[in-house]
Amino acid sequence: MLAQLSNSNFLVIQTLNSLSLGGLLFLLAAGFSLIFGLMRIANLTHGSLFMLGAYIGVSLLEAGVPNLWLAALAGGVATAVLGGLFERLVLRSLAGNSQGQVLVTLGVSFIVADLCLMLWGGDPLPIQTPESVRSPLRVAGFTFPAYRLVVVALAIVVAIGLYVLIERTRLGAMIRAGVDDMPMARAVGIPVSRLFTIVFCLGAGLAGAGGIIGGPILSAYPGLDADMLPLALIVVILGGVGSLAGAFIGSFLIGFVYTFGSALVPDLAYVILFLPMILVIAFRPTGLFGRMGA
Amino acid sequence: MSRTAWLAGGLLALFALPLVAGEFYLNLASQMLIAALFASSLNLLVGYAGLTSLGHASFLGAAAYLSAWLSLHLGLAHWASAPIALAGTVLTAAVFGWIALRATGLGFLMLTLALSQVLWGLAYRWVGVTDGDNGLRGLTRPEPLGVAIESADRFYWFALLVCLLAIGLIALFVRSPFGAALRGTRDQPRRMGALGFDVWLIRWLTFVIAGFWAGVAGLLFIWYHKYVHPSALSLQASAEVLLAVIAGGSGTLAGPVVGAVMVVFLKNFVSAYVERWNMLLGFVFLAIVLFLPEGLVPGMRRLIRRVKS
């Protein structure tokens with residue numbers, strides 16, 4: 001283990017892997033966190049949306065969509081629409097019944113998992129790395145897989161975009177008001193109900209696009225949903241529900257813990273992954289950046 | 001007919017089942033019994049404490065894995081491995097409960113889900129101890145009081161006795177003063193706190209007790225299957241038992257039993273014809289939550305009352 005840690009090539013590559021996993025987690029967790037913060041819904045379909053996005057990406061690329069970025073955009077729009085429909089048609093009828101909503105999202109996650117298995121089969125489907133970033137970068141004697149750098153950059157761009165949306169726009173101000181005090185937000189005339197749909201679409205779209213962007217690294221396979229959902233849960237518990245900064249820091253923290261854990265102690269990586277969450281919960285139940293209890 | 005007569009007739013029919021049913025149906029019935037006890041243990045949390053756990057498979061799985069590991073690696077006999085496995089399960093429940101009860105509501109649900117994933121991950125990845133995806137095999141059934149329970153009918157009787165005893169004790173627990181206080185913490189936690197009850201402690205003790213009974217179900221599980229795989233600890237296992245509780249009717253004693261019978265029936269019987277258990281599970285979840293949110297047992301009771309009046 002120490003020999004590995006003192007090997008600078010190992011360190012660089014694992015750091016990059018950690019960052020790119022963190023970036024993907026952020027795409028997933030940001031929406032989960034906003035949905036939970038605003039709507040008090042623990043959306044257990046979030047992992048399914050990520051997987052569905054990946055599979056849609058596979059099909060779009062096969063159908064001749066010229067590149068991954070367009071596929072990610074189209075797939076993101078598709079999952080956003082599906083998410084919006086789900087919110088309007090199903091979750092809406094259970095407003096105020098948070099237990100019922102969780103159970104419905106759980107049920108739908110099983111249905112989506114089985115549908116994906118039916119439509120795309122049980123074998124992992126790879127997604128090709130886009131042509132333009134396929135060749136590795138060589139800097140100072142190290143080789144970097146360029147695609148992973150692009151993923152990190154993309155996550156940072158999305159984070160900045162979300163930050164501007166939430167902190168600097170009228171829509172963002174309304175969302176923040178809804179997260180902090182929903183009855184009061186309603187009372188001053190904020191259309192909270194429409195915000196719900198917007199935020200749910202946004203979260204679903206980010207998750208679906210994340211699935212496609214993660215495709216070249218993770219590929220699409222049955223069980224991708226169940227692999228990603230717990231990671232998103234930990235990130236959100238760790239960072240604090242409804243907090244964008246929390247989701248950002250939490251994603252990269254978990255990206256590092258998981259990547260280095262898997263490389264150094266593969267048997268126990270999954271346990272190590274949960275340690276930061278347990279520590280935070282024990283000493284700060286609202287999460288690192290949370291303003292309210294989970 | 002009076003309630004006691006119904007109960008006595010039902011018990012008689014349960015004990016007489018091996019006289020009429022073949023091996024396949026007896027094995028199915030044994031699985032239903034185990035699921036019924038498992039669901040009843042979760043019902044303590046979901047129904048009586050108002051805490052929806054999505055990680056209850058942890059405790060069934062922990063007991064099964066511990067018992068299997070103790071017999072395979074330390075060569076312990078059943079009389080020793082069973083109590084140690086139960087003690088380990090209770091300890092796990094004590095720790096998990098301490099962490100998960102930092103929150104209530106959805107936070108509690110997410111924490112129990114996350115914690116159960118830790119055990120699932122251990123079972124899958126810690127190959128040296130759990131043999132990973134292969135699971136632990138090569139186990140035996142115990143011989144309680146020197147009686148072999150290898151055959152389907154004997155195991156059924158054994159499981160029936162254990163489950164009746166356990167569910168009876170759960171019923172006593174629910175009706176005890178502690179059970180009344182527990183329901184108080186579910187309905188009016190603030191008032192209970194103001195009355196001087198330690199709400200957190202009541203919830204935590206209930207969590208540990210629910211873990212204990214899930215552990216008992218886990219021992220029956222490992223003795224029945226003589227095999228355990230990480231899927232016993234999966235989110236799906238936790239979801240199935242939660243579905244059993246909610247479909248049957250949480251907060252009633254009969255509900256989880258009815259729900260468990262339904263889930264095991266659907267899983268073993270219907271999915272033999274339609275090969276899509278996951279989808280079926282999902283749709284049953286949707287149907288129950290959207291159309292029968294109170295569960296089958298309270299729903300039927302309401303229907304019967306309406307017919308009678």
Side-chain angles (χ1 to χ4, degrees), chain A residues 36 40-42 44 47 90 93-94 97-115 117-118 222 225-227 229-234 236-238 241 262 265-275 277-278 280-287 290 292-294, chain B residues 46 50-52 54-55 95-96 98-130 132 234-236 238-240 242-243 246-247 250 275-290 293:
Chain A
F36 195 117
R40 315 304 287 157
I41 290 177
L44 301 185
V90 182
S93 67
L94 293 164
N97 172 6
S98 61
Q99 178 179 301
Q101 287 173 329
V102 176
L103 297 177
V104 162
T105 61
L106 182 65
V108 169
S109 75
F110 285 133
I111 296 171
V112 171
D114 219 24
L115 270 178
L117 192 61
M118 257 170 90
D225 54 343
D227 283 350
L229 179 67
L231 296 181
L233 272 182
I234 310 175
V236 172
I237 295 172
L238 199 62
V241 290
S262 304
V265 270
D267 282 3
L268 299 177
Y270 220 71
V271 178
I272 294 174
L273 183 61
F274 287 85
L275 283 180
M277 179 194 87
I278 291 168
V280 166
I281 286 298
F283 295 105
R284 195 176 150 78
T286 55
M292 57 184 163
Chain B
V46 177
L51 295 163
T52 309
L54 206 41
V95 174
F96 279 19
W98 182 77
I99 299 168
L101 283 169
R102 305 287 294 186
T104 55
L106 287 180
F108 176 81
L109 182 140
M110 295 206 297
L111 282 171
T112 50
L113 169 56
L115 289 169
S116 76
Q117 290 289 314
V118 176
L119 288 193
W120 176 84
L122 267 182
Y124 238 110
R125 301 277 184 82
W126 203 5
V127 180
V129 171
T130 62
S234 64
L235 169 60
Q236 188 175 343
S238 290
E240 278 170 19
L242 182 61
L243 177 65
I246 288 168
S250 62
E275 238 178 84
R276 305 240 78 96
W277 167 236
N278 261 320
M279 199 173 295
L280 188 65
L281 182 69
F283 277 114
V284 175
F285 251 105
L286 281 183
I288 294 288
V289 173
L290 292 175

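Convention: sequence-line order gives letters A, B, ...; per-chain numbering from 1.
Counting heavy-atom neighbours within 6.0 Å of B:Tyr124 OH, excluding the residue itself, gives a total above 12.
With chain A as the partner, the residue from B:Leu235, B:Leu111, B:Leu242 showing the most heavy-atom pairs under 4.5 Å is B:Leu111. Ranking A:Pro230, A:Ala226, A:Ser109 against chain B, the residue ahead of the rest is A:Pro230, based on heavy-atom pairs under 4.5 Å. Counting heavy-atom pairs closer than 4.5 Å to chain B, the top-ranked of the candidates A:Leu273, A:Leu94, A:Val236 is A:Leu94.
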| Stepwise, does the side-chain contact (heavy atoms from CB on, under 4.5 Å) test hold for A:Gln99 with B:Ile246? | CA-CA 11 Å; A:Gln99 178 179 301; B:Ile246 288 168; 3.7 Å; yes
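Both the backbone and the side chain of A:Ser98 come within less than 4.5 Å of a heavy atom of chain B. With a 4.5 Å cut-off on non-hydrogen atoms, A:Val271 touches chain B through its backbone and its side chain both. Contacts of A:Leu233 with chain B are made by side-chain atoms alone, with heavy-atom separations under 4.5 Å and no backbone atom involved. At a 4.5 Å heavy-atom cutoff, the contact between A:Met277 and chain B is made by side-chain atoms alone. Within the 4.5 angstrom heavy-atom criterion, atoms from both the backbone and the side chain of A:Leu115 approach chain B. Contact annotation for B:Leu109: only side-chain heavy atoms (C-beta onward) come within less than 4.5 Å of a heavy atom of chain A. Looking at B:Leu119, there are no atoms closer than 4.5 Å to chain A (heavy atoms on both sides), in backbone or side chain. In this structure, the portion of A:Pro266 lying under 4.5 Å from any heavy atom of chain B is its backbone and not its side chain. Contact of A:Ala42 with chain B is made through backbone and side chain together, with heavy-atom distances under 4.5 Å.
Each of A:Leu106, A:Val104, A:Thr105 was compared with B:Phe285 under the side-chain contact (heavy atoms from CB on, under 4.5 Å) criterion, and only A:Leu106 meets it. Screening A:Ile111, A:Asp114, A:Leu117, A:Val112 for a side-chain contact (heavy atoms from CB on, under 4.5 Å) with B:Asn278, the sole residue that qualifies is A:Asp114.
In this structure, B:Leu290 and A:Ser93 approach most closely via the heavy-atom pair CD2-OG, 3.9 Å.
Using a 4.5 Å cut-off on side-chain heavy atoms (C-beta onward), A:Leu44 and B:Leu113 make contact.
Atom CG in A:Leu268 sits 6.5 Å away from atom CG in B:Leu122 (nearest 0.5 Å). Summarising the geometry, atom CZ belonging to A:Phe274 is positioned 11.5 Å from atom CD1 belonging to B:Ile99; distances are rounded to the nearest 0.5 Å.
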